[in-house]
Amino acid sequence: MVVERKHVRRGLWNHLMRCGVEMGLASIIYEVGVASKYINHAMRTGDLGLAGTSNLYGEEQLALDVLADEIIKDRLDHTGRVSKIISEEQSDIIIFERKGKLRQYSVCYDPLDGSSLVDVNLAVGTIVSIYSGDNPLQAGRKQMGAMYVLYGPRTTLVYSVGKGVYEFTLNSLGEYTLTRENIVLKDHGNIYSPGGQRQKYLPNQRKFVGYLEENGYKLRYSGGFVPDINQILLKGSGIFMYPALSGSPDGKLRLPFELNPMAFLIENAGGSASTGTMPILDVIPEHLDQRCPIYIGSRQEVAMAEKFLAVEN
Ligand code: AHG
Ligand code: MN
Ligand code: MN
């Protein structure tokens with residue numbers, strides 16, 4: 001529901017406190033918001049070139065990937081409530097020394113998702129998943145919260161701690177103010193967002209996409225996970241998929257910092273998220289670069305995908 005401008009819109013910290021979010025969890029969400037303001041500024045003014053390094057996945061890192069990673073890592077450390085992090089841009093789990101007896105959290109994040117789209121001025125995002133304790137490799141069902149920041153025509157922050165999904169928009173004063181509350185997905189939609197190269201689709205995937213096309217679904221795919229998911233969430237329906245492909249049976253997207261946080265948000269908005277055979281949030285992660293195929297969005301379309309994929313070839 002869009003929050004009307006009948007009064008001064010509520011700021012992020014004020015909202016988190018009024019919703020009774022635990023102080024440590026609230027400070028992590030808030031500090032990712034602070035980090036995103038620096039990333040937002042760097043993206044619109046700074047160096048978009050290559051850093052001359054590559055990450056664990058062999059992907060060339062942009063200066064912006066590395067900068068965004070540094071900024072988020074620094075702000076998470078600053079909370080004094082984070083003990084371990086997994087970042088797409090780091091090859092190992094990063095451990096912060098414990099600070100006192102306060103409850104600790106572990107965070108998995110993709111500092112800049114879709115970075116190859118920055119130089120063509122398409123929307124990109126930051127994706128964050130938050131767990132209690134000092135183990136960042138837990139099943140997604142155990143998340144305490146998840147969020148993303150979308151750097152688009154507007155810069156927006158969407159989060160959930162399991163009590164509804166909320167959107168905040170960065171205003172001209174540099175404050176995130178509440179713009180949508182209790183965002184919900186309808187069970188059925190008419191947008192489909194098919195990732196991956198068509199010629200690498202497996203037969204049942206090809207049949208599923210063919211069914212969607214023959215039944216009037218509209219193709220909406222930007223190549224950025226965050227804007228593509230945000231469109232389905234805010235349009236209120238539809239399905240995003242990045243399937244198993246010939247040569248990559250686990251698809252492309254990473255479980256800890258891309259799939260689990262988005263699955264948490266979409267399930268909290270009343271949608272579902274599947275690997276094609278089981279809920280994403282029930283997958284037990286074994287290693288930090290684990291990938292899964294994903295079908296995520298309105299319940300009916302996700303269930304349909306599972307049915308198509310279950311057919312014996
Ligand atoms: P990242 O830039 O963090 O590596 O992620 C990019 C991902 C995701 O944003 C998107 O859904 C997917 O790559 C697009 O992949 P294709 O270019 O193969 O469609
Ligand atoms: Mn990514
Ligand atoms: Mn990335």
Side-chain angles (χ1 to χ4, degrees), residues 32 35-36 39-40 42-43 48-51 53-73 85-91 107-129 146-152 158 191-202 205 209 219-233 238-263 265-266 273 275 280 288-297:
V32 169
S36 72
I39 297 169
N40 187 49
M43 182 180 310
L48 304 181
L50 293 178
T53 52
S54 53
N55 63 15
L56 172 67
Y57 309 94
E59 296 159 341
E60 276 190 312
Q61 291 172 309
L62 287 185
L64 214 45
D65 282 319
V66 175
L67 177 65
D69 183 49
E70 281 305 313
I71 293 170
I72 295 173
K73 191 154 60 80
I85 60 174
I86 286 177
S87 161
E88 182 188 85
E89 304 308 333
Q90 301 284 343
S91 315
V107 179
C108 306
Y109 64 89
D110 181 351
L112 196 61
D113 178 83
S115 36
S116 61
L117 302 173
V118 171
D119 61 351
V120 293
N121 199 19
L122 280 177
V124 293
T126 295
I127 315 172
V128 180
S129 165
M147 64 190 289
Y148 62 75
V149 178
L150 174 55
Y151 309 99
V158 171
I191 288 175
Y192 73 107
S193 199
Q197 288 160 295
R198 201 57 59 98
Q199 84 258 31
K200 293 183 180 172
Y201 277 5
L202 302 175
Q205 167 66 18
V209 170
L219 192 157
R220 292 288 184 270
Y221 188 75
S222 78
F225 193 34
V226 177
D228 288 341
I229 293 289
N230 187 67
Q231 174 168 209
I232 287 169
L233 187 67
I239 183 168
F240 173 95
M241 60 196 94
Y242 205 104
L245 301 171
S246 62
S248 32
D250 294 329
K252 173 180 184 181
L253 298 177
R254 280 62 54 110
L255 183 65
F257 44 74
E258 289 168 329
L259 303 185
N260 272 335
M262 291 308 198
L265 290 166
I266 291 292
T275 63
I280 290 275
L288 55 87
D289 57 348
Q290 190 159 339
R291 301 168 195 261
C292 295
I294 182 166
Y295 296 81
I296 181 171

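In each ligand, atom 1 is the first atom listed, and ligand 1 is the first ligand listed. FYI, the numbering just counts along the sequence from 1.
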Which residue and atom name correspond to the protein heavy atom nearest [atom], and how close is it?
atom	answer
atom 13 (O) of ligand 1	Lys252 NZ, 3.0 Å
atom 5 (O) of ligand 1	Asp113 OD1, 3.0 Å
atom 10 (C) of ligand 1	Gly223 O, 3.3 Å

Side-chain H-bond candidate by donor/acceptor type, [X] with [Y], under 3.5 Å:
X	Y	result
Asp110	Tyr148	no
Thr126	Tyr151	yes
Asn260	Ser129	no

May I ask you to check whether Gly114 has an N/O atom sitting below 3.5 Å from an N/O atom of ligand 1?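 Gly114 vs ligand 1: N/O contact under 3.5 Å present.
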Kindly confirm or rule out an N or O of Ser116 lying under 3.5 angstrom from an N or O of ligand 1.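 Checking ligand 1 against Ser116, no N or O pair falls under 3.5 Å apart.
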Relative to the heavy atoms of [X], which atoms of ligand 1 are at a distance of less than 4.0 Å?
X	answer
Ser115	2 (O)
Phe225	8 (C), 9 (O), 10 (C), 11 (O)
Tyr242	15 (O), 16 (P), 18 (O), 19 (O)
Asp110	3 (O)
Glu258	3 (O), 5 (O)

Tell me which part of [X] gets within contact of ligand 1: side chain, backbone, both or neither, using heavy atoms under 4.0 Å.
X	value
Leu112	backbone
Arg254	side chain
Leu253	side chain

Should one rank Tyr221, Phe257, Tyr57 by closest heavy-atom distance to atom 14 (C) of ligand 1, which comes out on top?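 Comparing heavy atoms across Tyr221, Phe257, Tyr57, the nearest one to atom 14 (C) of ligand 1 lies in Tyr221.
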So do [Y] and [X] actually touch side chain to side chain, heavy atoms under 4.5 Å?
X	Y	answer
Thr275	Leu259	no
Pro243	Tyr295	yes
Ile294	Met262	no
Tyr221	Tyr192	no

Which atoms of the protein, restricted to N, O or S, are nearer than 2.8 Å to the Mn ion (ligand 3)? Glu88 OE1, Asp110 OD1, Leu112 O
For N/O/S atoms only: which one belongs to Glu258 and is nearest the Mn ion (ligand 2)? OE2
Say whether, by atom type as modelled, one donor and one acceptor occur between the side chain of Asp65 and the main chain of Leu62 under 3.5 angstrom. yes
For the backbone of Arg254 and the side chain of Glu258, can you confirm whether one donor and one acceptor N or O come within less than 3.5 Å of each other?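 Between the backbone of Arg254 and the side chain of Glu258 there is a qualifying donor-acceptor contact (under 3.5 Å).
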